[in-house]
Amino acid sequence: MAVIRGMLGLAAAWGFCVLVFVLAVQPHHAHGSSRGSFGLNKGVVTPPVAGICASSVLVHGYKCQELEVTTKDGYILSVQRIPEGRVPGGGNNRRQPVLIQHGVLVDGMTWFLNPPEQNLPMILADNGFDVWIANTRGTRFSRRHTTLDPDKPAFWSWSWDELVSFDLPAVFDFVYGQTGQKIDYVGHSLGTLIALASFSEGKLVNQLKSAALLSPIAYLSHMNTALGVVAAKAFVGESQHDRNAWFCQQITTLVGLAEFNPKGKPVAKFLKSLCAYPGVDCYDLLSALTGKNCCLNSSTVDLFLMNEPQSTSTKNMVHLAQTVRHGVVSKFNYGRPDYNVMHYGEASPPIYNLSNIPHDLPLFISYGGQDALSDVRDVMLLLDSFKFHNVDKLSVQFIKDYAHADFIMGVNAKDMVYNQVVAFFKHQNQ
Ligand SMILES: *[C@@H]1O[C@H](CO)[C@@H](O)[C@H](O)[C@H]1NC(C)=O
Ligand SMILES: *[C@@H]1O[C@H](CO)[C@@H](O)[C@H](O)[C@H]1NC(C)=O
C-alpha cells in the first residue's frame with residue numbers, strides 16, 4: 001500500500017534529477033516497451049470483463065451507459081454516463097450535465113469506491129444531474145488508439161499538455177453534442193490543473209457553465225511530501241552524495257520507460273528502495289505523501305488498492321516534476337532551448353497564464369489544510385491569480401482536516417464538500 005500511494009508524491013522527488021534525462025522521453029529516443037520488459041509483471045491493466053458501469057454503478061440500481069470518445073490525436077477514451085438518479089424525476093426536464101474528471105494515476109473508478117450515499121457521481125445523479133465520468137488516456141479503460149499500440153512507446157508520448165489539447169476538448173465536445181447544454185465540471189487534483197490550463201487559453205469556456213475544483217493543483221513548489229523532502233536532503237547534503245547519485249540513476253532507469261506503470265516492477269522496486277532513506281517511514285507513507293487523510297474508511301482504501309493505481313506516461317510525470325521545480329505553470333520543457341524552439345518557436349516553454357481565465361466564470365474551489373500535494377501555500381498562489389475574478393463568481397472553501405484523498409473517498413465528503421458542490425451547481429442553474 002505504501003508503495004502504491006508513494007506514486008502520488010513521486011513527481012516531487014523527480015524535479016531534482018530529471019531534467020538531465022528529459023530527452024530520453026522524446027518519441028525517437030524512447031525505447032523498451034514497459035509491458036514487454038517487465039518480465040514477472042504481466043499485470044498491466046487487462047480491463048476486467050466488466051466495465052465501470054457493470055461493476056460499480058448498475059449494481060446499485062442506477063442506469064449507466066458505457067461510451068467511447070476518440071480524441072483528435074486518435075486516443076479512444078472510455079466515458080460513463082449516469083443519466084439520472086435512482087428515483088427518476090418525472091417530466092421532460094432536461095437534466096444539467098456534469099462532467100467529473102479524476103486525477104493522475106487513477107481512473108474514473110476512483111469516484112465509486114464509497115457506497116452510493118457517499119460518492120460524488122451518485123449524489124449528483126440523485127440530485128437530478130446527468131453525470132458523465134471521464135477516463136484519461138492510458139488508464140485501463142482508455143488504453144486504446146486508432147493506430148498506436150499501448151505496448152509501444154509511441155502510445156505514451158504525451159504529457160498533461162495533451163490532456164489539455166485533446167482529451168478534455170474531445171470529452172467536452174461529446175457531452176455538449178449529446179446534451180446540447182453547457183457543462184458543469186468537477187475536477188480533482190490533475191483534473192483541476194488541466195481544466196485551469198484549458199480555461200486560461202480560452203478553451204472549453206463556450207461549452208462550460210461552471211467548474212468545481214477539489215484539491216486544486218496548479219503551482220506545486222510547496223508540495224510537502226516525504227519524497228520531496230528526501231530529494232531535497234539528498235540534493236544539498238554532502239554525506240548524502242552517494243545516495244543522490246543512486247537516486248538519479250534510478251530515475252534515469254524509470255525515465256527510459258515510456259509507460260509509467262505503478263504496478264510494474266521497475267517503479268515498485270524504485271519506491272521500495274526509497275523506503276531505506278532515513279526519515280521516510282513507509283509504514284505510513286500514505287500520510288507522508290498525500291497528507292494525513294482524516295476520514296478514509298479502511299474498506300474503501302482496500303477497494304482503492306484493488307482498482308488503482310493506473311498507468312500514465314513517464315513524460316507526464318516529468319512534466320509534473322517540472323512544475324514542482326520551476327514554480328510556474330507552463331508547457332512541457334524539452335530541456336534544451338533548441339528543442340523548445342523546435343516545438344514552440346521559443347527557447348522556453350510557453351506559460352499557461354491563469355489570470356486569463358474569464359473573470360465571470362463561476363468557480364468553486366475546495367482545498368484541505370492537511371493536503372501535502374495541494375499545499376495551502378500553493379493554493380494561495382493559485383487564488384492570487386484570481387484576484388481580478390468577479391467576487392460573486394468565486395467561492396472558496398477551506399477544510400482544515402482534509403488531505404488529498406479525503407476529497408474523493410472521505411466517509412463524510414458528502415457533508416463536507418459534495419453538498420456544497422451540488423448547491424453551487426444548482427445556484428448557477430437558477
Ligand atoms: C466502511 O465501509 C464498510 C464496507 O462498505 C461499511 O460496512 C462501514 O459501515 C463503513 N464505515 C463507515 C464509518 O462508513
Ligand atoms: C498574465 O496575464 C495578465 C493579465 O491578462 C498580465 O497582467 C500578466 O503580466 C500575465 N503574466 C505573465 C507572466 O505573462
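As the structure is a computational prediction, the values presented were derived from the model and not from experiment. Order of listing sets the numbers, starting from 1, for every ligand and every atom in it.
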May I ask you to decide if Thr136's main-chain N or O and Thr139's side chain share a donor-acceptor pair within less than 3.5 Å?
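The answer is yes, because a donor-acceptor pair under 3.5 Å joins these two groups.
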Considering only N or O atoms, set out every pair between ligand 1 and the protein closer than 3.5 Å, with distances to one decimal place.
unit_1   : atom_1 : unit_2 : atom_2 : d
ligand 1 : 2 (O)  : Asn297 : OD1    : 3.4
ligand 1 : 2 (O)  : Asn297 : ND2    : 2.2
ligand 1 : 11 (N) : Asn297 : ND2    : 2.9

Do Glu66 and Gln80 pair up side chain to side chain, a donor and an acceptor below 3.5 Å, judged on atom types alone?
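Yes, a side-chain donor-acceptor pair sits under 3.5 Å.
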Is there a donor-acceptor contact under 3.5 Å linking the side chains of His404 and Asp371?
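Side-chain D/A pair, His404 to Asp371: present.
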Polar-atom distance check: Asn356 versus ligand 2, any N or O pair below 3.5 Å?
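Yes, there is a polar N/O contact under 3.5 Å.
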Pair Lys63 + Glu84, salt bridge at N-O below 4.0 Å:
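Glu84 and Lys63: salt-bridged.
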Exercise: identify the closest heavy-atom pair between Trp158 and Phe155:
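So the two residues come closest at NE1-O, 3.1 Å.
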Hey, does Asn307 have a side-chain heavy atom less than 4.5 Å from the side chain of Thr110?
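Contact flag for Thr110/Asn307 side chains = no.
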